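Let me begin by presenting the structure, written as structure tokens, before commenting on it.
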Amino acid sequence: LVVALFAEPLLRSPVGGTFVYVLAALPGLVAFLAFRTLLASTLVSLAPLYFVIANLTQTWPAYAPETAFDRAIPLRPAWMLVYGSLYVFVIVLPLLVVRQPDLLRRTMQGYLLVMIVAYTGFLLYPTAAPRPVTLPVDGFSSWVLTIAYAVDPPYGCFPSLHVAYAFVSAFACGRVHRGVGIVALLWAGLIGVSTLFTKQHYAVDVIAGAVAAGIAHRWFLRGYPRQAVTDADRRLAPYRALGAVAFFACIALAFWATYASGTAIRI
């Protein structure tokens, strides 16, 4: 609420005004009602700061930590399928797999830590994403990538929150079931690769995001005892993880149906 009220008179853009108030205040209230914890409310309420900081820093001098490795990676819109999976991977997957209140609390603490680290990086080292100047929409993947470019501000790359969130989620699932954790870590690595092929991040952003997640794992998640997980939760974890996969498949199918119907959103 405080962030929204301060942002109201300061911002003059599509992410300003009433939109900021609703985006910052309402989800935090819903999170508090759902989880009954101030931690969950704080985490959700701070998430919109990503857009506020992007709007604030868009006129600042921006850095581009591009290396020869980054330049050698071509744009591959097909990687949007992996890139877009984060939003299920970071929310639905831990909610289904992590059934232990203390571990869920530690997971949210990990998310909050990487969020604060990333926001600090966005302010101290403003960066601009290595996106192409033009992106012709010549297929489903390109269309989805165009939507991602339109929704996601091209600022605030270092460190990559996309990567940090993915690895924190994978680490949390690994405390419940080793097999699920290993598969989740591999997928988190693919999400990191996808940020390069979609030109959303630089290699150094990916590394920094993974390091931030590693710190969150060491501080909050590694200390959770595996024996605290019941046999039933451990046995059901792979099936619950498949539920998250099915949920993402439905979302991807809905996007494809929209595109194939000829009513694709024009950005």
Side-chain angles (χ1 to χ4, degrees), residues 1-28 42-71 73 75 77 80 83-84 86-87 90 111-137 142-165 192 194-209 211-212 265-267:
L1 280 170
V2 171
V3 170
L5 290 173
F6 276 104
E8 181 89 23
L10 293 177
L11 301 183
R12 297 292 182 270
S13 75
V15 297
T18 305
F19 184 75
V20 170
Y21 180 86
V22 174
L23 199 62
L26 185 57
T42 301
L43 178 64
V44 175
S45 295
L46 287 181
L49 272 181
Y50 175 82
F51 297 98
V52 175
I53 294 174
N55 183 76
L56 177 66
T57 59
Q58 65 180 338
T59 58
W60 297 6
Y63 298 93
E66 189 177 49
T67 64
F69 178 76
D70 293 295
R71 290 188 291 272
I73 297 178
L75 176 67
M80 266 305 298
Y83 183 87
L86 173 87
Y87 304 103
V90 76
Y111 283 155
L112 188 59
L113 174 64
V114 298
M115 181 186 292
I116 293 173
V117 169
Y119 287 170
T120 302
F122 297 166
L123 290 170
L124 298 181
Y125 189 72
T127 51
R131 297 178 181 178
V133 178
T134 59
L135 179 65
V137 179
S142 297
W143 173 71
V144 177
L145 183 57
T146 301
I147 294 177
Y149 281 1
V151 173
D152 190 16
Y155 308 102
C157 300
F158 178 86
S160 170
L161 260 179
H162 222 77
V163 173
Y165 283 151
S194 75
T195 66
L196 301 178
F197 278 111
T198 55
K199 295 301 177 180
Q200 288 282 67
H201 284 285
Y202 304 96
V204 66
D205 304 333
V206 175
I207 295 172
V211 169
I265 304 169
R266 299 299 175 185
I267 302 298

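This one's a predicted model, so the numbers in the text were calculated from it and none came from an experiment. We count residues from 1, following the sequence as given.
Of all the heavy atoms in Ala203 and Leu196, the pair that sits closest is N-CD2, 3.5 Å. Residues Pro154 and Arg131 approach most closely at CB-NH1, 3.6 Å, considering heavy atoms. Closest approach of Phe122 to Pro159, counting heavy atoms only: CE2-O, 3.4 Å. Here the closest non-hydrogen pair linking Leu135 and Ser142 is CD2-O, 4.1 Å. A pairwise comparison of heavy atoms in Leu56 and Leu123 identifies CD2-CD2, 4.2 Å as the closest pair. The minimum heavy-atom distance between Ala54 and Tyr155, with the atom names listed, is O-CD1, 3.8 Å.
Separation of atoms OH (Tyr202) and OG (Ser160) is listed at 12.5 Å; rounding is to 0.5 Å. The distance from atom OG1 of Thr146 to atom CE of Met80, rounded to the nearest 0.5 Å, is 9.5 Å. The line from NE2 of His162 to SG of Cys157 is 12.0 Å long, rounded to the nearest 0.5 Å.
Thr67 pairs by the side chain to side chain donor-acceptor pair (under 3.5 Å) definition with Asp70, not counting sequence neighbours. Not a single side chain to side chain donor-acceptor pair (under 3.5 Å) links Thr120 to another residue, sequence neighbours left out. Taking Ala47 as the reference, Met115 meet the side-chain contact (heavy atoms from CB on, under 4.5 Å) condition, with sequence neighbours excluded. Tyr125 meets the side-chain contact (heavy atoms from CB on, under 4.5 Å) test with Tyr63, Pro65, Thr127, Phe158; sequence neighbours excluded. Every residue two or more places apart in sequence or in another chain that forms a side chain to side chain donor-acceptor pair (under 3.5 Å) with Tyr83 is listed here: Gln200. With sequence neighbours excluded, no residue forms a side chain to side chain donor-acceptor pair (under 3.5 Å) with Tyr149.
The shortest distance between side-chain heavy atoms of Pro153 and Tyr50 falls below 4.5 Å. For the pair Val163 and Asp205, the minimum side-chain heavy-atom distance is 4.5 Å or more. The closest side-chain heavy-atom distance from Lys199 to Ile73 is below 4.5 Å.
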- Query: Taking it one step at a time, do Val206 and Thr195 satisfy side chain to side chain contact (heavy atoms under 4.5 Å, CB included)?
  - Reply: CA-CA 8 Å; Val206 175; Thr195 66; 3.3 Å; yes
